[in-house]
2 protein chains.
Amino acid sequence: MTKIVQIKQTRIQREKRLLIQKAALQVFSEFGLRGATLDKIAKACGLTKPNILYYYSSKDEIYAEVLQSLLEEWIRPLKDISENGDPLTEILKYVKKKLTMSKTKKQESKLFATEILHGAPLTQNILAGSLKETVDDKVKLLNKWISEEKIAPVDPYHLIFSIWSMTQHYADFDVQVYSLLNTKKRSRIFQDAEDFLLTFFTRCLKQD
Amino acid sequence: MTKIVQIKQTRIQREKRLLIQKAALQVFSEFGLRGATLDKIAKACGLTKPNILYYYSSKDEIYAEVLQSLLEEWIRPLKDISENGDPLTEILKYVKKKLTMSKTKKQESKLFATEILHGAPLTQNILAGSLKETVDDKVKLLNKWISEEKIAPVDPYHLIFSIWSMTQHYADFDVQVYSLLNTKKRSRIFQDAEDFLLTFFTRCLKQD
DNA sequence: TATTTTTTTGACCAAATGGACAACTATTTA
DNA sequence: TAAATAGTTGTCCATTTGGTCAAAAAAATA
């Protein structure tokens, strides 16, 4: 008995899968896994529900794939912190990069946050796996910089947490941030945020 | 035609409503509004579904009440920042208080985060209302302290955001935080976090 | 204790939703 | 262009779930 397995994706498969992923990201990030329905995703990408299920075998599979591709992108910038550059500059570059991502990848940030918030059922192994590896690696580097007195002493794990939380806050809690600022400040949130963050981390990390 | 309106709650009503609220907080914070079901809440408090609906007319009403009572508690500590105390001490006291809440009120923090993350459909008016009032008030105080050179100059709005994000991170993203720390560090997350935060804000805000 | 009021629950309903599938159409390939 | 393969959809189904309701049980009151 021969089972025929399709290896190569057709043009239409590539296009439609991408279309579905985009719509799914939008819907999942707004409503969460449970709040999102196939009908909503279908509407968002202009396909019918059975058509979507022709490309993905279930809603959960769509969610898993969207989350998966997001995670890789999410971890990447951390890896770019280089031990060759000037320590403070490297850290500030990372802060800037993360803040930019909060501005341009708001949906991704919210989806990631929702996943973690609800116990990371599909993400746990990645957190404890490749992300942990990268973090541990950078923690070592930060400790090296501290021992060389190139940055002020500080717990490197919590330093990383602080960068994540402060930058992602502008994506995840955008509704709150917008609500609390007046119109003038609202239009320059991200400039103000960058100024604040760079000042903040510089004051905290600069060696006298 | 006379309509009889019950004014005073009976003992049983008080007890059962509280019981339901507790269970609902637990379930809502774990699954979100849509992911939570009446059956789950019912199971969590040992009542039957129709019994719950005897005390609350709908799932949404339970959610609204749980959220409402949480919000007041959530805003309160900010109000306690006093213009009479030493500026840096007052700010650090607030940081400590918020971090403690992340430890002891994890469910509340997660529920609040989920609500904001998904657009704050029921909270918008409170954000723009009483919370904004309090924030604006404290921003004025912070600006006063800055102009008197009692703390280093910094955007007060973003300072408040940074306190919120960094402290709440330890509740909302606990799964991630735990995943990334080894056993030794895991057992003293909150001590390490407090040390880190106090050092950080001190370095950032202290006037030379 | 008799009566009234409050509380509880089993059984039920309608809407929403994830998904199956056969029939039909469009595209690719030989 | 004919055959084969890929893509699309209307219709249907089963499950989940928020919510109703009448009747029974428990509690409060007179």
Side-chain angles (χ1 to χ4, degrees), chain A residues 1-67 118 121-122, chain B residues 1-67 118 121-122:
Chain A
M1 205 168 82
T2 324
K3 189 159 183 189
I4 291 153
V5 179
Q6 196 189 317
I7 304 292
K8 259 176 62 179
Q9 285 194 347
T10 66
R11 169 186 57 87
I12 293 179
Q13 279 167 6
R14 264 193 310 276
E15 290 171 6
K16 293 289 163 71
R17 278 181 158 256
L18 258 176
L19 196 69
I20 294 168
Q21 279 176 40
K22 256 191 188 167
L25 171 62
Q26 193 183 307
V27 175
F28 282 133
S29 73
E30 184 171 349
F31 300 99
L33 171 54
R34 316 247 182 176
T37 67
L38 285 173
D39 284 322
K40 276 180 192 152
I41 297 173
K43 204 177 191 179
C45 63
L47 299 178
T48 63
K49 192 168 64 171
N51 201 184
I52 287 181
L53 290 167
Y54 172 74
Y55 292 103
Y56 290 93
S57 63
S58 71
K59 187 174 100 166
D60 284 10
E61 194 190 292
I62 306 176
Y63 182 77
E65 183 155 323
V66 169
L67 195 63
H118 293 357
L122 297 182
Chain B
M1 207 167 88
T2 323
K3 190 160 185 189
I4 292 151
V5 179
Q6 196 187 318
I7 303 293
K8 259 175 63 180
Q9 286 193 347
T10 66
R11 170 185 58 86
I12 294 179
Q13 278 167 4
R14 264 192 310 276
E15 288 171 6
K16 292 290 162 71
R17 280 183 156 254
L18 258 176
L19 195 69
I20 294 168
Q21 280 176 40
K22 257 191 187 165
L25 171 62
Q26 194 184 305
V27 176
F28 281 132
S29 74
E30 185 172 348
F31 300 98
L33 171 54
R34 316 246 182 177
T37 67
L38 285 174
D39 283 322
K40 278 181 191 151
I41 298 173
K43 204 178 193 177
C45 61
L47 299 178
T48 63
K49 191 167 65 170
N51 201 184
I52 287 182
L53 289 167
Y54 172 74
Y55 292 103
Y56 290 93
S57 64
S58 70
K59 186 174 99 165
D60 284 10
E61 194 190 291
I62 305 176
Y63 182 77
E65 184 156 321
V66 169
L67 194 63
H118 292 355
L122 296 182

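To find a chain, count down the sequence lines: A is the first, B the second, and so on, and within it residues start at 1.
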Compare side-chain N and O positions of Tyr54(B) against OP1 and OP2 of dT8(C) and report whether any pair is under 4.0 Å apart.
no
Taking only the side-chain nitrogens and oxygens of Thr10(B), find out if one of them lies under 4.0 Å from OP1 or OP2 of dT7(C).
yes
Calculate the interatomic distance between Tyr55(B) atom OH and dT8(C) atom C1'; express it in whole Å.
8 Å
Would you say Gln26(B)'s side chain and Ala23(B)'s backbone share a donor-acceptor pair under 3.5 angstrom?
no
Rounded to the nearest angstrom, tell me the gap between atom CD in Glu15(A) and atom P in dA6(D).
16 Å
Go along nucleotides 23-30 of chain C 5' to 3' and tag each nucleotide: B for a protein heavy atom under 4.0 Å from its base, S when only backbone or sugar atoms are that close, - otherwise.
-----S--
Calculate, to the nearest 0.5 Å, the distance between atoms CG and OH belonging to Leu19(A) and Tyr55(A) respectively.
9.5 Å
Does the Gln21(B) side chain pair with the main chain of Leu18(B), one donor and one acceptor, at a distance under 3.5 Å?
no
Verdict with reasoning, Lys16(A) to Tyr54(A), per side chain to side chain contact (heavy atoms under 4.5 Å, CB included)
CA-CA 10 Å; Lys16(A) 293 289 163 71; Tyr54(A) 172 74; over 6 Å; no
Looking at dG7(D), I'd like to know if its phosphate oxygens (OP1 or OP2) sit under 4.0 Å from a side-chain N or O belonging to Asn51(A).
no
Throw together a table of side-chain donor-acceptor distances under 3.5 angstrom for residues 36-50 of chain A, partners on residues two or more places apart or in other chains.
unit_1: Thr37(A); atom_1: OG1; unit_2: Lys40(A); atom_2: N; d: 3.1
unit_1: Lys40(A); atom_1: NZ; unit_2: Gly35(A); atom_2: O; d: 3.2
unit_1: Thr48(A); atom_1: OG1; unit_2: Asn51(A); atom_2: N; d: 3.3

Any non-hydrogen side-chain atom of Phe28(A) less than 4.5 Å from a side-chain atom of Ile62(A)?
yes
Between dT8(C) (P) and Leu47(B) (CG): distance, integer Å:
7 Å
Got Leu122(B) and Asp60(B) here, is their nearest side-chain heavy-atom distance under 4.5 Å?
no
So does Gln13(A) get a side-chain nitrogen or oxygen closer than 4.0 Å to the phosphate oxygens (OP1/OP2) of dG7(D)?
yes
Within this structure, what is the CD1-to-C1' distance between Ile52(B) and dT7(C), rounded to whole angstrom?
14 Å
Nearest 0.5 angstrom please: Glu15(A) CD to Thr10(A) OG1, how far?
8.5 Å
Set out, line by line, the N/O atom pairs under 3.5 Å between protein and nucleotides 12-20 of chain C.
unit_1: dG18(C); atom_1: OP1; unit_2: Ala36(A); atom_2: O; d: 3.4
unit_1: dG18(C); atom_1: OP1; unit_2: Lys59(A); atom_2: NZ; d: 3.0
unit_1: dG18(C); atom_1: OP2; unit_2: Leu38(A); atom_2: N; d: 2.9
unit_1: dG18(C); atom_1: N7; unit_2: Lys49(A); atom_2: NZ; d: 2.9
unit_1: dG19(C); atom_1: OP2; unit_2: Lys59(A); atom_2: N; d: 2.8

Check the pair Arg34(B), Leu33(A) against side chain to side chain contact (heavy atoms under 4.5 Å, CB included), reporting the backbone distance first and the verdict last.
CA-CA 9 Å; Arg34(B) 316 246 182 177; Leu33(A) 171 54; over 6 Å; no
